[in-house]
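Accompanying notes for the structure given below.
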Amino acid sequence: MAENTVKGPASYFPSIEKKYGRPIAEWQELIRSSRLTRHMELVAWLKSEHGLGHGHANALVAATLAEGK
């Protein structure tokens with residue numbers, strides 16, 4: 001029997017919502033509306049402007065940028 005475990009960046013989503021109190025859709029909309037486009041620029045921005053940890057910021061950016069592919 002296969003488990004339905006979430007893997008990859010989305011595996012961080014429950015802890016991101018719990019720790020920062022905002023739904024993932026809000027974080028992704030912030031990322032999409034940013035003038036920044038490069039992965040690490042967006043990660044740095046989330047860390048400096050919104051107080052996210054590196055792993056959480058990286059997961060959000062990776063998942064959001066992957067949507068367009």
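Side chains included, hydrogens not; waters and symmetry mates left out as well; all remaining heavy atoms used.
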query: Are the side chains of P14 and K18 in touch, meaning some heavy atoms are under 4.5 Å apart?
result: no
- line: Tightest non-hydrogen contact, residues A57 and K47, listed as CB-CG, 4.1 Å
query: Rounded to the nearest 0.5 Å, what separation is found between the CD1 atom of I24 and the CD atom of E17?
result: 4.5 Å
- prompt: Taking the six-membered ring for Trp, are H56 and W27 ring centroids under 6.0 Å apart?
  reply: no
- prompt: Is W45 close to H50 at the side-chain level, that is, under 4.5 Å between some pair of heavy atoms?
  reply: yes
- prompt: Between the side chain of T64 and the main-chain N/O of V61, is any donor-acceptor distance below 3.5 Å?
  reply: no
message: For L60, is there any backbone N or O sitting under 3.5 Å from a side-chain donor or acceptor partner on Q28?
response: no
field: L46 vs I31 side-chain heavy atoms within contact, under 4.5 Å
entry: yes
statement: On a heavy-atom basis, the closest approach of G51 and Y20 is O-CE2, 3.7 Å
- prompt: What is the minimum heavy-atom distance between A59 and P9, and which atoms define it?
  reply: O-CB, 3.4 Å
field: Close side-chain approach of L42 to S34, heavy-atom, < 4.5 Å
entry: yes
message: What I'd like to find out is whether the side chain of R22 reaches to under 4.5 Å of the side chain of L30, using heavy atoms alone.
response: yes
